[in-house]
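A quick write-up on the structure given underneath.
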Amino acid sequence: MKITLKDGSVKEYQSPMSVQEIAYDISEGLGRATCAGIVDGETVDLRTVIEKDCNLSIATVADKEGLNTLRHTTSHILAQAVKRIFPEAKLAIGPSIENGFYYDIDREPFSREDLDKLEAEMKKIIKEALKIERFELPRDEAVKLMEEMNEPYKVELIHDLPEDAIISFYKQGEFTDLCAGPHLVSTKGVKAFKLISSSMAYWRGDSDKAKLQRIYGTAFNKKEELEAYLAHLEDIKKRDHNKLGREMELFTTVDVIGQGLPLMLPKGTRMINKLQRWIEDLEDNEWGYVRTKTPLLSKNDLFKISGHWDHYKDGMFVLGDEETDREVFALRPMTCPFQYYVYKNTQKSYRDLPYRMGETSTLFRNEDSGEMHGLTRVRQFTISEGHNVIRPDQVESELANCLNLAIFVLETLGLREDVTFRLSKWDPDNKEKYLGDDAYWENAQGALRKILLEKELVFTEADGEAAFYGPKIDIQARNVYGKEDTMITIQLDCAIAERFDMYYIDQSGAKVRPYIIHRTSLGCYERTLAWLIEKYAGKFPTWLCPEQVRVLPISDKYADYAEKVRAELARNGVDANVDSRSEKIGFKIRDARLNRLPYMLVVGEKEEADGTVSVRSRFAGDEGSKSLAEFTEQICREIRTKEIRKENPQEEGK
RNA sequence: GCUUAUAUAGCGCAGCUGGUAGCGCAACUCAUUCGUAAUGAGUAGGUCGCCGGUUCGAGUCCGGCUAUGAGCUCCA
């Protein structure tokens, strides 16, 4: 039989050679002891291909696929180790995932000691260099085999496979597992792996079904790669906003106050205020917004009109009981209907549109108790919310306006490269969750898609992620652990005006229903702060820093001059403090560095005599001696332009 | 909401099989007045998350609650 590889080389094999051996040979030829190959874009086990057709052209094994195969095999080795040490355990599924693999197992919880034992056993299995062999069985025999092995989850999986599915198994030593593959050809191919953690997972992700234990692990081709990955995990933890933000005294939580209700501390508040003032001035002065301030709660009547009472009541904090109380109130989960009444306060002409209303808006959402996390998922948050009331002919220009503002904000914060765009659509299979019909959704989604295409943005489309009243453009960011959150949203709503009887007078004097864009320019301040902490590892651009300059007098003798410097900077709107402790200069510098101060000004005899400051920064290290006026002008310009100066790696913490 | 782990001084931690608590940093006081990543000495600080139980005796064992972390999407 002849096998053509992608590089054009042809391999020929004599027929007595087993499929296993041929696959092994090809795999080694491709630089890795794997049996995975890509044929017509599909990842397959080379052994299956060889059996079917001897003259196939086999693409080279892509690195990513090779890694998936390696990890999938490692998960099987884990399962084998589990069965050896804990024979009573029942196996569920064990796929490879983005950064490793897992295996779901029905057993009591695993301790770290159990994981260590399993790791040791896995190493033994690898050393045994067990050949991994593939075989197929008809359905009834497959079920019988799994029943004999007392694996009820596997039996269920087989029953759920489609009629025409090939039911394949992989055998390594005494261990056999139901699996589609592909796999390495021998357990010895696993060189570097680690069991990371274990936790609970539901069978088939369904909370009504059995509770299984999931063991997470990872595997790499080389030991160095594994070590680099584990070091990366450690590094990531240092950037985690939930840890760093508390360490830097930006926010905290208190158990008697409750879950999802973080307290912004003075430094965190300072940062949020800087962001908020910037956004408010930007929107009002440059992007044509008017500002509103509307109540944080309302009678539930309002939410009945808006549809929230029917569609979002579980997510709201309701005050009072409809059965017994004359009036029931609810804390607002959004600002929309309040701003509609701002619009309705005076009659609007077609000339008044677009009518853009912005509000720094505090919202309340009753998230499930297990969903809260740091500053990214909270029960009370403040958002740069806004509603643009527009004429139907203004849909495109106004969507573009909102998107441009959002992108400008992201660019200014240095976050533009870190986001992905998503068109969030309704779920056509779950229509009762949404207002409006097919035509309404197709139109609205089409309008959003058009603007994304016109702006040449790369975006994904997601079913079932829309708001109940309309589709959205979501701007997504990932946290340090790779989890995605919505940062900015732009939503088109062509239906709500009817419910609130909003209209404008057109050229002919007729009343016309406007459309509404729900949008944020920066999104939620808490979540943005979390994102900034992780992006900059706490070393924020100067304009955002809660403390921008620290003046460090060499000794008490220069305290008066230090205070003079501080006062001059403060007069110019710079956040500056003096470190007047009677410590050595080295101590003060160390402390300021650990606090991630952008600028330190050392002042002593020489500086006082010359009216200068000795500048040391996070960006350039020693910037030399400058007159106070010169430094003030420099930092004021940096703050005004929101410059993001490049960090100097040599100034990294020791 | 579910599973699981954790909760000891402001922070980071120790406290073995039950005998009422320690370390480092920070804070405070005193001395030092110093030129670019830690000056020295001393002092003070804790109802061991909260409530209950077992026990002669609980930081330690048991139960409940609260909070925090991880996971609950990735289909053999």
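A, B, ... follow the sequence lines: proteins, then strands. Residue 1 opens every chain.
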### Task
Return the value, rounded to whole Å, for the distance between atom NE2 of A/H241 and atom C1' of B/rU68.
13 Å
### Query
So what does A/E484 hit on the nucleic acid, given a heavy-atom distance under 4.0 Å: a base, only sugar-phosphate, or nothing?
nothing
### Task
Can you tell me, in whole Å, how much space there is between the P of B/rC56 and that of B/rU73?
48 Å
### Query
Reckon A/Q259 has a side-chain N or O less than 4.0 Å from the OP1 or OP2 of B/rU68?
yes
### Task
Using the P atom on both, measure B/rU3 against B/rG63 and round to a whole Å.
14 Å
### Query
Any N or O donor-acceptor pair linking the side chain of A/S555 to the base of B/rU32 at under 3.5 Å?
no
### Task
Give the rounded distance in Å between these two atoms: OH of A/Y103 and P of B/rC72.
18 Å
### Message
For a quick check of understanding: with a heavy-atom distance under 4.0 Å over all strands, which category does A/E247 fall into, base, sugar-phosphate or nothing?
### Response
nothing
### Sugar-phosphate only, base, or nothing, as touched by A/I589 at under 4.0 Å among non-hydrogen atoms
base
### Query
On a whole-Å scale, what distance lies between the P atoms belonging to B/rC30 and B/rG18?
47 Å
### Message
Check this for me, if you would: do A/E563 and A/R566 make a salt bridge, where the nitrogen-to-carboxylate-oxygen distance has to be below 4.0 angstrom?
### Response
yes
### Distance below 4.0 Å between A/H373 side-chain N/O and B/rA70 OP1 or OP2
yes
### Query
With a 4.0 Å cut-off on heavy atoms, is A/G374 in touch with a base, just the backbone sugar-phosphate, or nothing at all?
sugar-phosphate
### Message
Between A/Y312 and A/F468 (judged by ring centroids, cut-off 6.0 Å), do the two rings come close enough to count as a pair?
### Response
no
### Message
With a 3.5 Å limit on both atom pairs, tell me what B/rG10 is paired to, counting Watson-Crick and G-U wobble, or say none.
### Response
B/rC25
### Message
Rounding to an integer number of angstrom, what distance separates B/rG15 and B/rA58 when you compare their C1' atoms?
### Response
14 Å
### Separation of the P atoms in B/rG12 and B/rA7, to the nearest angstrom
12 Å
### Any-strand Watson-Crick or G-U partner of B/rA70, both distances under 3.5 Å
B/rU3
### Query
Rounded to whole angstroms, how far apart are NZ on A/K238 and C1' on B/rG12?
15 Å
### Query
Does any N or O donor sit under 3.5 Å from an N or O acceptor when you compare the side chain of A/S582 with the base of B/rU32?
yes
### Query
With respect to the phosphate group of B/rC34, does any side-chain polar atom (N or O) of A/K557 fall under 4.0 Å of OP1 or OP2?
yes
### B/rG35: pairing nucleotide in any strand, Watson-Crick or G-U under 3.5 angstrom
none
### Task
With P as the reference atom in both, quote the distance from B/rG59 to B/rC16 in angstrom, rounded to an integer.
13 Å
### Query
In Watson-Crick or G-U wobble terms, both distances under 3.5 Å, what is the partner of B/rC30?
B/rG40
### Message
Does B/rA70 have OP1 or OP2 under 4.0 Å away from a side-chain N or O of A/R214?
### Response
no
### Message
Just the rounded figure in Å: distance from P of B/rU32 to CD1 of A/I554.
### Response
19 Å
### Message
Taking the basic N atoms (NZ, or NE/NH1/NH2) and the acidic carboxylate oxygens, is any pair closer than 4.0 Å for A/R645 and A/E623?
### Response
yes
### Query
Given the side-chain rings of A/F317 and A/F364, with only the six-membered ring counted for Trp, is the space between their centroids under 6.0 Å?
no
### Query
What does A/G370 touch in the nucleic acid at a heavy-atom separation under 4.0 angstrom: a base, only the sugar-phosphate, or nothing?
base
### Task
Would you mind telling me which of B/rC75, B/rG71, B/rG49 lies closest to the side-chain atoms of A/L157?
B/rC75
### Query
Which nucleotide in the list B/rU33, B/rU68, B/rA27 gets nearest to the side chain of A/R581?
B/rA27
### Task
Kindly point out which of B/rC74, B/rU33, B/rU73 is positioned nearest to the side chain of A/Y102?
B/rC74
### Query
Using purine N1 to pyrimidine N3 plus N6-O4 or O6-N4 for Watson-Crick, or N1-O2 and O6-N3 for G-U wobble, each under 3.5 Å, what pairs with B/rC56?
B/rG19
#### Entry: A/Y216 side chain near B/rC72 phosphate (N/O to OP1/OP2, under 4.0 Å)
yes
### Query
Quick one: which of B/rC34, B/rC74, B/rU68 gets closest to the side chain of A/P95?
B/rC74
### Task
Determine the contact category for A/K154: base if any of its heavy atoms lies under 4.0 Å from a base atom, sugar-phosphate if only primed atoms, P, OP1 or OP2 are that close, otherwise nothing.
sugar-phosphate
### Query
Under 4.0 Å between a Lys/Arg side-chain N and an Asp/Glu carboxylate O for A/K564 and A/E568?
no
### Query
Which is true for A/Y558 with a 4.0 Å heavy-atom rule: it touches a base, it touches only sugar-phosphate, or it touches nothing?
nothing
#### Entry: No-H, no-angle donor-acceptor pair, A/E583 side chain to B/rG40 base, under 3.5 Å
no
### Query
Can you check the A/L263 CG to B/rA67 C1' distance for me, whole Å?
13 Å
### Nearest-angstrom distance from the residue atom CD1 of A/I105 to C1' of B/rG71
15 Å
### Query
Between A/H311 and A/Y434, does the ring centroid distance fall short of 6.0 Å?
no
### Summary
Between CD of A/E607 and P of B/rU36 the distance, given in whole Å, is 12 Å
### Query
With respect to the side chain of A/N242, which nucleotide from B/rG35, B/rU66, B/rU68 is positioned closest?
B/rU68
### Query
Which one, B/rC72, B/rA26, B/rU68, comes nearest to the side chain of A/F587?
B/rA26
#### Entry: Option passing ring pair (Phe, Tyr, Trp, His ring centres under 6.0 Å) with A/Y216 (candidates A/F101, A/Y103, A/Y102)
A/Y102
### Query
Quick one: do A/K83 and A/E151 make a salt bridge, cutoff under 4.0 Å?
yes
#### Entry: hbond_proxy A/D622 side chain to B/rU36 base (donor-acceptor, 3.5 Å cutoff)
no
### Query
What do you reckon, is CD of A/E605 surrounded by more than 12 foreign heavy atoms closer than 6.0 Å?
no
### Query
Taking a pair as Watson-Crick or G-U wobble with both distances under 3.5 Å, which nucleotide is matched to B/rU47?
none
### Atom pair distance, as rounded to whole Å: NE2 in A/H76 and C1' in B/rC75
12 Å
### Query
Looking only at atom C1', what distance separates B/rG42 and B/rG57, rounded to whole Å?
37 Å
### Task
Determine the interatomic distance between P on B/rU32 and the same-named atom on B/rC23; round to the nearest Å.
29 Å
### Task
Please determine if a side-chain N or O atom of A/R246 lies less than 4.0 Å away from the OP1 or OP2 oxygen of B/rU68.
no
